[in-house]
Amino acid sequence: MKYPFNEVEPKWRKYWEDNEVYKTDMSDVEKAIYTLVMFIYPSGSKLHCGHWYNYGPTDSWARFKKLQGNNVFEPIGYDAFGLPAENYAIKTGIHPYDSTMQNIEDIRRQLKEMGCMYDWNAELKTCVPEYYKWNQWLFLQMYQRGLAYRKKAPVNWDPVDQTVLANEQVLPDGTAERSGARVEKKMLSQWFFKITDYADELLGDLDNIDWPEKTKLMQTNWIGKSVGTQVEFKVEGFDEIIKVFTTRPDTLFGVTYVVIAPENEFVGKFTTAENKTQVAKYVEDVQSLSEIDRTSTTKEKTGVPTGTYAINPVNGEKVPIWVGDYVLASYGTGCVMAVPAHDERDFEFAKKYQLPVRKVILEEGTEPEAELTEAFTAPGTMINSGQFDGLDSVEGKEKISDYLEENKQGERQTNFRLRDWLISRQRYWGTPIPIVHCDSCGEVPIELDQLPVELPYDVDFSLGSGSPLAREEDFINTKCPKCGKDAKRDPDTMDTFVDSSWYYLRYPNPNYNEGMFDKERANNWTPVNMYVGGAEHATMHLLYARFIHKFLRDIGMVNSDEPFAKLIHQGTITNNGAKMSKSKGNVVNPDDFIVDYGSDVFRMYLMFMGPYELGGDWSDKGIVGVDRFANRTYVLFKDYEGIAKTAKSPDKFDLASLSETEKSVYRKVNQSVEKYAEELEHFRFNTAVAVMMELINELSKNIADCRDELKVYALERFATLLGPVAPHLAEEVWQTIGKEKSLFEAPVYYDVDKDALTVDSVTIAVQVQGKLRAKIDMPVDSAEEAVKEVVWADDKVKAHTDGKTVVKEIYVKNKIYNIVVR
RNA sequence: GCCGAAGUGGCGGAAUUGGUAGACGCGCCAGACUCAAAAUCUGGUAUGGGUUAACCAUGUGCCGGUUCGAGUCCGGCCUUCGGUACCA
């Protein structure tokens with residue numbers, strides 16, 4: 001007999017859908033659990049193994065929670081805006097809206113075949129005005145508070161296609177993915193969200209969320225908080241002051257030159273007439289380098305002197321001002337003080353250009369006169385530092401900062417590596433930015449009651465210069481909301497990460513029209529209890545969503561600080577060690593396995609492969625094992641068809657009344673229920689499946705010799721364990737033994753009989769010198785004396801201790817007895 | 001370079017706080033069923049030695065340490081994978 005999955009699976013999916021088994025009652029918040037996977041990008045390709053690996057196990061967790069009696073909400077939706085659809089349109093002429101909608105239809109059908117308990121009433125797509133209207137609303141809320149602003153910023157410019165590229169479209173060698181042209185940096189006016197205002201809170205609140213440590217660390221590094229001091233250097237012959245940021249004010253007496261970034265406005269100003277040609281040429285050379293070449297750490301640092309001198313505020317010393325490519329224009333003030341003795345980069349630069357190296361921090365155990373062969377960057381004792389000599393440099397940091405602040409020559413400052421979020425894209429397929437540019441009034445926001453600014457359908461989205469919307473006369477030309485004169489709409493669209501920064505708040509009320517989302521309902525259901533998605537989003541989506549959530553809190557839309565209380569990353573499934581991708585042609589198609597084994601088996605096999613967070617290399621070698629398990633399970637239940645109708649199981653059995661075989665079955669069932677729950681709770685699906693395999697091994701051996709009540713007891717519990725990981729099969733066997741209602745319609749999860757877990761005898765390992773020599777069975781919790789007697793009666797123990805002196809005997813209750821001899 | 005994770009049989013992988021290494025599955029071997037094969041079921045399966053049983057030795061990337069006892073803790077390496085790229 002073979003498990004007829006191709007009849008059973010569609011049958012139950014139809015039942016679930018017809019009876020709306022997975023529709024969540026959003027008003028019941030008592031035991032509410034919100035489980036979410038990162039929504040899906042509706043591309044033209046089919047669901048691949050990665051999707052299954054993400055969604056299947058997460059759904060199993062959600063189902064587990066449902067069986068345990070929680071009101072579980074598990075939605076799915078489509079991240080429907082974005083570049084791939086637009087590029088596809090450019091290639092084929094098929095409109096992004098049409099292809100996206102078609103893809104959503106296809107993907108929905110495939111998702112339904114997986115058999116996840118998605119609440120299809122809560123489906124969401126971001127490319128419809130009902131959704132993106134609220135992106136615009138959000139934008140305007142930020143604009144009003146100065147958190148959305150426009151400034152000139154360098155963008156990736158493709159000189160062949162005449163367009164701006166996203167970072168992802170630039171290959172590691174600095175050429176464009178599409179045209180192959182060398183990408184240039186170009187200054188363009190761009191919209192930004194001021195995420196830096198939230199930098200400190202985004203960092204601090206990482207302590208309050210249950211996320212993988214490595215993800216929190218990545219965000220910590222990305223935010224890059226650094227505490228230091230801004231120091232002011234006067235410039236000889238100029239009124240301007242150079243401000244530099246340093247984390248090492250204790251090394252201020254060791255400054256031997258100052259460096260400014262090539263892009264810094266001071267470059268032109270401070271360069272003397274005799275250095276002008278050289279500096280101008282240098283700046284031009286640097287700018288012609290690609291971003292990659294420019295920032296490569298292996299590249300040798302270069303620079304030229306401006307001919308002008310700065311004055312060190314603490315000792316009045318004149319130091320040369322250089323222009324150097326190792327200083328970033330975008331961090332701090334774009335100017336740094338150079339202390340070659342105590343900074344590796346400065347040391348390297350100083351050696352190359354024969355600039356002086358002055359030691360001001362003494363390493364313990366070294367001589368002040370000893371020449372440095374490399375920069376000494378650790379703390380030490382201050383020398384050559386005037387009144388600060390002899391201080392420990394950690395203390396000196398504070399003392400010098402105090403001194404600078406007292407003398408108004410600097411102040412303590414905290415800098416962040418995090419930059420504001422550039423959200424404008426010169427692309428068609430996205431949310432239009434709700435701003436009008438008027439010659440008289442400047443930037444004018446659209447009135448809230450005029451939203452949405454609809455994305456026009458009939459546009460020429462083929463590549464040309466700048467944003468496609470800029471060429472659409474009907475769209476771009478409008479009247480200024482303020483003065484009524486002719487004006488132009490902003491031609492850009494928003495980064496799709498804006499869409500995904502708040503979608504989880506709309507799932508509980510996807511058709512809400514009164515606002516972005518129903519505040520009360522969102523607050524009842526968020527933060528999301530369990531969020532599952534790829535680790536590649538660590539510093540993008542997962543940071544942006546936290547930022548937007550905090551902003552929404554500040555304008556009174558939500559009452560929590562964080563969007564996702566718990567986060568788990570699924571691992572990556574590779575094929576022959578490489579990431580699966582269409583271009584490599586190594587994508588494993590799940591459909592082939594669904595046809596041969598069914599969706600439950602495929603899902604279970606993915607879970608059984610290994611630890612969820614690790615992923616692994618794809619191999620179909622073991623799937624027959626899981627298939628055998630499913631078949632054996634089906635056959636076992638078939639043997640007891642209808643048994644639950646004739647026999648009822650008690651909540652628990654009295655151990656003393658059971659035969660040895662029954663006791664063994666009873667124990668195994670209870671052990672399994674307990675272990676399984678522990679494993680599934682923590683996303684350890686591989687071992688959860690193993691628990692069930694052990695259980696069926698026990699049942700196929702011994703269940704026949706049990707009384708009917710115990711058979712029912714064992715089978716109904718086994719069925720509930722199957723529920724989360726093999727939902728179709730579970731429903732089927734549940735029905736087979738005679739249960740009237742669907743398992744998920746009337747969720748059941750059984751308590752463990754703790755008495756069944758306690759065993760009356762244990763095997764104790766007997767060791768001599770830590771080496772296993774014997775195993776003895778003893779009553780549980782035996783006293784040392786009793787164990788000792790049995791141990792010393794053992795022949796092997798005698799053989800290994802014969803003629804030796806016993807030094808020590810160690811007894812660990814119920815575990816080991818170790819004898820140390822000499 | 002820096003940060004993080006992982007290295008366990010032929011293979012995927014198990015192993016609460018240091019306490020019987022190899023659960024579970026694949027594969028392989030043997031047997032049952034069969035005219036035969038497939039499927040299914042039963043048993044065996046870390047490596048080396050051993051009169052093939054008993055038993056002995058070795059064994060969790062490498063070298064060393066702590067401990068009665070280390071896959072697990074400590075120090076130093078090696079390899080693979082992910083993140084990041086001069087952030088002063």
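Atom set for the values below is all heavy atoms of this structure, side chains included, hydrogens, waters and symmetry mates excluded. Nothing here was measured: the structure is a model prediction, and the numbers come from that model. Letters A, B, ... mirror the listed sequences (proteins, then strands); counts begin at 1.
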### Message
Please confirm whether the shortest side-chain N or O distance from A:Y326 to OP1 or OP2 of B:rA88 is below 4.0 Å.
### Response
no
### Query
If only side-chain N and O atoms of A:R632 are considered, is one of them under 4.0 Å from the OP1 or OP2 phosphate oxygen of B:rC24?
no
### Query
Below 4.0 angstrom from OP1 or OP2 of B:rC26, is there any side-chain N or O of A:R628?
yes
### Task
For B:rA38 and B:rC33, measure between their C1' atoms and round to the nearest Å.
12 Å
### Query
Is the phosphate of B:rU20, meaning OP1 or OP2, less than 4.0 Å from a side-chain N or O of A:K775?
no
### Query
A:F245 has a side chain; which of B:rG19, B:rA57, B:rA88 sits nearest to it?
B:rA88
### Message
Checking contacts here: which listed nucleotide (B:rC55, B:rC26, B:rC68) is nearest the side-chain heavy atoms of A:V820?
### Response
B:rC68
#### Entry: A:R417, nearest nucleotide to its side chain (from B:rU84, B:rC86, B:rA88)
B:rU84
### Query
What about A:R822: does its side chain form a donor-acceptor pair under 3.5 Å with the base of B:rC68?
no
### Message
I want to verify the glycosidic state of B:rG9; is it syn or anti under the 90° rule?
### Response
syn
### Message
Output the rounded distance in Å from CD (A:Q769) to P (B:rU58).
### Response
13 Å
### Query
Rounded to whole angstroms, how far apart are NZ on A:K214 and C1' on B:rA6?
10 Å
### Message
For A:R773, is there an ion pair with A:D795 - N to carboxylate O distance below 4.0 angstrom?
### Response
no
### Residue A:Q767, side-chain heavy atoms: nucleotide from B:rA88, B:rG19, B:rC26 that is nearest
B:rG19
### Query
Any chance NZ of A:K701 has more than 12 other-residue heavy atoms, nucleotides or ligands included, within less than 6.0 Å?
no
#### Entry: Residue A:T687, side-chain atoms from C-beta onward, closest of B:rA15, B:rA88, B:rA5
B:rA15
### Query
Nearest nucleotide by nearest heavy atom, which residue falls closer to the 5' end of RNA chain B, A:R773 or A:D346?
A:R773
### Query
So, is A:K771 close to the B:rU58 phosphate, meaning a side-chain N or O under 4.0 Å from OP1 or OP2?
yes
#### Entry: A:K225: which of A:D200, A:N415, A:T220 passes side chain to side chain donor-acceptor pair (under 3.5 Å)
A:D200
### Task
For B:rC87, give its Watson-Crick or G-U wobble partner with both distances under 3.5 Å, or none.
none
### Task
Establish, with yes or no, whether the OP1 or OP2 oxygen of B:rC56 is under 4.0 angstrom from a side-chain nitrogen or oxygen of A:H800.
yes
#### Entry: Any N/O donor-acceptor pair, A:K301 side-chain to B:rC86 base, under 3.5 Å
yes
#### Entry: Contact check, side chains of A:V806 and A:E809, non-hydrogen atoms, under 4.5 Å
yes
### Query
With rounding to whole Å, what would you report as the distance between B:rG71 and B:rA6 at their C1' atoms?
13 Å
### Query
Taking atom C1' in both B:rG61 and B:rG83, what distance in whole Å separates the two?
23 Å
### Query
B:rA57, B:rG4, B:rC86: which one has an atom nearest the side-chain heavy atoms of A:L217?
B:rG4
### Task
Whole angstrom is fine here: how far is it from CG in A:N221 over to P in B:rG83?
14 Å
### Nearest to side-chain heavy atoms of A:T247, which nucleotide of B:rG83, B:rA88, B:rC24
B:rA88
### Atom P, compared across B:rC63 and B:rA15: separation rounded to whole Å
26 Å
### Message
Could you tell me how far B:rA54 sits from B:rU67 if I compare only their P atoms? Round to whole Å.
### Response
36 Å
### Summary
Answer for the Watson-Crick or wobble partner of B:rU60, both distances under 3.5 Å, is none
### Query
Which of these nucleotides, B:rA57, B:rG13, B:rU84, is closest to any side-chain atom of A:N686?
B:rG13
#### Entry: Nucleotide forming a Watson-Crick or wobble pair with B:rG10, both distances under 3.5 Å
B:rC26
### Query
Within this structure, what is the CZ-to-C1' distance between A:F685 and B:rC24, rounded to whole angstrom?
17 Å
### Message
Using a heavy-atom cut-off of 4.0 Å across all strands, would you classify A:S619 as base, sugar-phosphate, or nothing?
### Response
nothing
### Query
Nearest-Å distance, CG (A:N697) to C1' (B:rU42)?
12 Å
### Summary
Against the side chain of A:R345, the closest entry in B:rC24, B:rC87, B:rA5 is B:rC87
### Task
Return no unless some side-chain N or O of A:S226 is found under 4.0 Å from OP1 or OP2 of B:rA88.
yes
### Query
How far, in whole Å, is B:rG19 from B:rA37 if one measures between their P atoms?
48 Å
### Query
A:V766 versus A:L772: any side-chain heavy-atom pair under 4.5 Å?
no
### Query
Expressed in angstrom and rounded to an integer, what is the separation of A:M693 atom CE from B:rA14 atom P?
14 Å
### Distance-only polar pair, side chains of A:R419 and A:T196, donor-acceptor under 3.5 Å
no
### Integer-rounded Å distance: B:rA15 P and A:K675 NZ
7 Å
### Query
If the P atom of B:rC24 is compared with that of B:rC35, how far apart are they to the nearest Å?
34 Å
### Between A:R632 and A:N697: side-chain donor-acceptor atoms closer than 3.5 Å
yes
### Query
Using the P atom in both, what is the distance from B:rG25 to B:rA46, to the nearest Å?
15 Å
### Summary
note: A:Y676, atom OH; B:rC24, atom P; distance rounded to Å ~ 19 Å
### Task
Kindly point out which of B:rG27, B:rC55, B:rC24 is positioned nearest to the side chain of A:K796?
B:rC55
### Polar contact flag, side-chain donor to acceptor under 3.5 angstrom, A:S664-A:E698
yes
### Query
Only one of A:Y605, A:W52, A:W618 forms a ring pair (Phe, Tyr, Trp, His ring centres under 6.0 Å) with A:F593, so which one is it?
A:W618
